[in-house]
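These notes are about the structure you will find just below.
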Number of protein chains: 2
Amino acid sequence: MTTTGRQLTSTLYPDGKMILALEETEFVDPTGNQVLIRMEAAPINPSDLFLMTGGADLEGAAYSAGRIELQVHPQAAALQAARHGVPQTIGNEGAGTVISAGDGEMAQALMGQRVACVPGNAFGEYALADAKMCIPLGDHTVEEGASSFINPMTALGFVETAKREGNNAIIHAAAASNLGQMLCRICREDGLELVNIVRKQEQAELLKSQGAVHVVNSSDSDFEQSLADAIDKTEAFLGFDPIGGGTMTDSCLRAMERVAAAKLPEFNRYGSDQPKKMYIYGRLDKSPTILTPAFGFQWTVSGWLLMPFLASCDMSTLTSMRKRVVSGLKTTFASSYKTRVGLDEMLTKAAFLDYAQMKTGEKYLVTPQA
Amino acid sequence: MTTTGRQLTSTLYPDGKMILALEETEFVDPTGNQVLIRMEAAPINPSDLFLMTGGADLEGAAYSAGRIELQVHPQAAALQAARHGVPQTIGNEGAGTVISAGDGEMAQALMGQRVACVPGNAFGEYALADAKMCIPLGDHTVEEGASSFINPMTALGFVETAKREGNNAIIHAAAASNLGQMLCRICREDGLELVNIVRKQEQAELLKSQGAVHVVNSSDSDFEQSLADAIDKTEAFLGFDPIGGGTMTDSCLRAMERVAAAKLPEFNRYGSDQPKKMYIYGRLDKSPTILTPAFGFQWTVSGWLLMPFLASCDMSTLTSMRKRVVSGLKTTFASSYKTRVGLDEMLTKAAFLDYAQMKTGEKYLVTPQA
């Protein structure tokens, strides 16, 4: 038995041609602890867009019904040789209803329920998923549950990482995002200090209206000094940066060192001995990361990714994180969306050009059954 | 009682004026476990030059007997406010003869002996040092012992760091340096694989003539592929880079990822899950470090500095490292010098312009008693 439905895929060719298309796809019946989910709501996250845009000129792409043809720079295409000609399904996470289940006990228990999942092909009508990776949504709607994995687990992961490394304060860049607002709420609940970096005055006001204490605007001329002041108050020598490219991570390390160096009894040519650490967890800016030689040698910059972090957690930590997410879907872990688009509308020029900008507070929700 | 002798100092002023000068300095008699050493040989290391050049135009500096006046960029000067107007002594390490000792047993035991030391003012006629930081040289000459601390302990520190983190192979950039040649010998003795990166053909030949197996030339057009080939053979996913600025660390991470990605069963948008790590332990290039978004998220770049590393070692590790150094001063840990200069000659234009270039194989030895 098979179920057939449309699925968004991205296919890259060696010459840089990239096709986004809705393809009729067959889903075999679930076995064991698999479930088949009718997908009803899926957020377009920055992590999805990487496979969809490839740094191409979106304005100059060719749009037709259910299809976009883009031209990726051949050098960028060459770096992704492993996916040449192989359609990649898109959509990391979403929520829907379990319409079929394998014999396994965990799968059977989910039959007919609304669940959140991370199938990797959430932008489609159906998805097969492992029952133990599904989160039953109970009374919550699919829209409330659509973003219950990536942002919530990432925000909880930052806090867990900070605690593990002995920190009680965090710097967060691009802090007005859905994820950033969530992190504000978690840090308040857990008693961690949080230094929020935004780039617009209205973002600063938004976070302050939600109770954020330390908000610094990177567009202000005294940004690094304001950041240093906030670090001095909070002792935040650990930060998370989703921008990646450019100088954000550098600014954070410089400001940390400014605070630490001011407390040195005498000049040290090698800088302070205060450990300083920045995690880069995204690449909103795909230009190179710039690190100036202005913060001595006691520093670390490292990539941070959700799945390896989750793999580093023991089962009881994971279970308590998931329970906390479900119980807070309307509060701590609530997400908001600018608009909803069906699969066809998702591939129109107007929609694509809009959501690909990843503007703060303008996240799209895909509704594959619409 | 005091002993008077000349001492090289560097004084930076807020406007960027920097004075290198030989100043008459008084050394009080040693007490407790202090010893007073008549300094006889001290290498000019890259770590000394940072305080001496400050990125100034050396050609345009004003040279007079025992004095150089430089103009540092005011922005660079502003970053070092803690040393404005305060003379900094120069010379990290050296060797000489103990001419006076405190009452302490360790100090008394060194009386009259030749010792190596890390006083921080080795470019001078005398230095006070803590007896327990001195290394008795036995039958070795002061010239053999002059560089017995920084390079040997750093090279041993790389190997110790690699082993601690579970690595059995190392990449080393600027590998033809005195330190790099030492590291080759240590890795051979300890059975570690070493990938040597040089930038000139003659450096490659030098290392190969000394038995190096993997030597890659960064000036070759196929540098990153050659580096990847060497990484593939050695599994060197950890490296040490003294250049710091520019793209050396980036090239190493890219090559590591190229090797790891080639082994992935399918394309992964987040890159391989192979941990990749580069330590920056110097700043031969003071331009910013450039990190391109080409190696996923499983990577770490971190500063590495000798003193914090030593502080992280237990006493038995430190003791065995020091014993190993002394027993290998003529072999594994031997250094070579281009020439010798007295304190006055050290401040002549001809000498300064030459050693400040830090050319491979052209290290200067200061002989303060000459």
Side-chain angles (χ1 to χ4, degrees), chain A residues 10 12 47-48 50-51 76 79-84 86 88 90 92 120 244-245 247 249-250 254 257-258 261-262 264-271 273 275-277 279-283 285-308 311, chain B residues 10 12 47-48 50-51 76 79-84 86 88 90 92 120 244-245 247 249-250 254 257-258 261-262 264-271 273 275-277 279-283 285-308 311:
Chain A
S10 167
L12 178 68
S47 50
D48 299 311
F50 171 74
L51 283 183
L79 287 173
Q80 303 174 52
R83 61 171 285 207
H84 288 172
V86 184
Q88 307 287 315
I90 321 269
N92 278 313
T247 58
T249 278
D250 188 61
R254 291 166 68 105
E257 179 67 5
R258 192 189 288 216
L264 288 179
E266 58 184 22
F267 176 71
N268 186 324
R269 69 191 82 175
Y270 300 114
D273 59 1
K276 299 166 287 289
K277 189 165 189 176
Y279 281 110
I280 290 178
Y281 73 93
R283 277 282 175 185
D285 179 345
K286 290 184 187 61
S287 71
T289 308
I290 306 295
L291 301 176
T292 57
F295 35 84
F297 287 85
Q298 282 283 11
W299 57 271
T300 297
V301 178
S302 196
W304 194 98
L305 209 55
L306 180 57
M307 293 306 172
Chain B
S10 167
L12 178 68
S47 51
D48 299 311
F50 171 74
L51 284 182
L79 286 173
Q80 303 174 53
R83 60 171 285 207
H84 288 172
V86 184
Q88 307 286 315
I90 320 268
N92 278 313
T247 58
T249 278
D250 188 61
R254 291 166 67 105
E257 180 66 4
R258 192 188 287 214
L264 288 178
E266 59 185 20
F267 176 71
N268 185 326
R269 68 191 82 175
Y270 300 114
D273 60 1
K276 299 167 286 289
K277 188 165 190 176
Y279 281 110
I280 290 178
Y281 73 94
R283 276 283 175 185
D285 179 345
K286 290 182 187 62
S287 71
T289 309
I290 305 295
L291 302 176
T292 56
F295 35 84
F297 287 85
Q298 284 283 10
W299 57 271
T300 297
V301 178
S302 196
W304 194 97
L305 208 55
L306 180 58
M307 293 306 173

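A note on names: the letters A, B, ... follow the listed sequences, proteins ahead of strands, and every chain is numbered from 1. Quick caveat, the model's predicted, so the values are computed rather than measured.
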Against chain A, label [X] side chain, backbone, both or neither, depending on which of its atoms sit under 4.5 Å from a heavy atom there.
X: B/Gln88; result: side chain
X: B/Phe295; result: neither
X: B/Trp304; result: backbone
X: B/Ile290; result: both

Partner chain B: residue of A/Tyr281, A/Tyr279, A/Tyr270 with the largest heavy-atom pair count (under 4.5 Å): A/Tyr270
Would you indicate whether the side-chain heavy atoms of [Y] and [X] approach each other to under 4.5 Å?
X: A/Arg83; Y: A/Ser10; result: yes
X: A/Lys286; Y: A/Phe50; result: yes
X: B/His84; Y: B/Leu12; result: yes

Top of [options] for chain A proximity - count of heavy-atom pairs under 4.5 angstrom:
options: B/Asn268, B/Asp250, B/Leu291, B/Thr292; value: B/Leu291
options: B/Gly271, B/Pro288, B/Ala82; value: B/Pro288
options: B/Ile280, B/Asp273, B/Asp285; value: B/Ile280

Polar side-chain atom of A/Asp48 near backbone of A/Asn92 as donor-acceptor pair, under 3.5 Å: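 Yes, A/Asp48 side chain to A/Asn92 backbone: donor-acceptor pair under 3.5 Å.
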Exercise: identify the closest heavy-atom pair between B/Gly244 and B/Arg283: C-NH1, 3.5 Å
Shortest non-hydrogen contact between A/Ser47 and B/Arg269, atoms and distance: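 Heavy atoms of A/Ser47 and B/Arg269 come nearest at O-NH1, 3.7 Å.
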Which portion of A/Leu51 sits near chain B, non-hydrogen atoms under 4.5 angstrom: side chain
Interatomic spacing from OG in B/Ser302 to CD in A/Gln298 - rounded to 0.5 Å: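 Interatomic distance, B/Ser302 OG to A/Gln298 CD, rounded to 0.5 Å: 8.0 Å.
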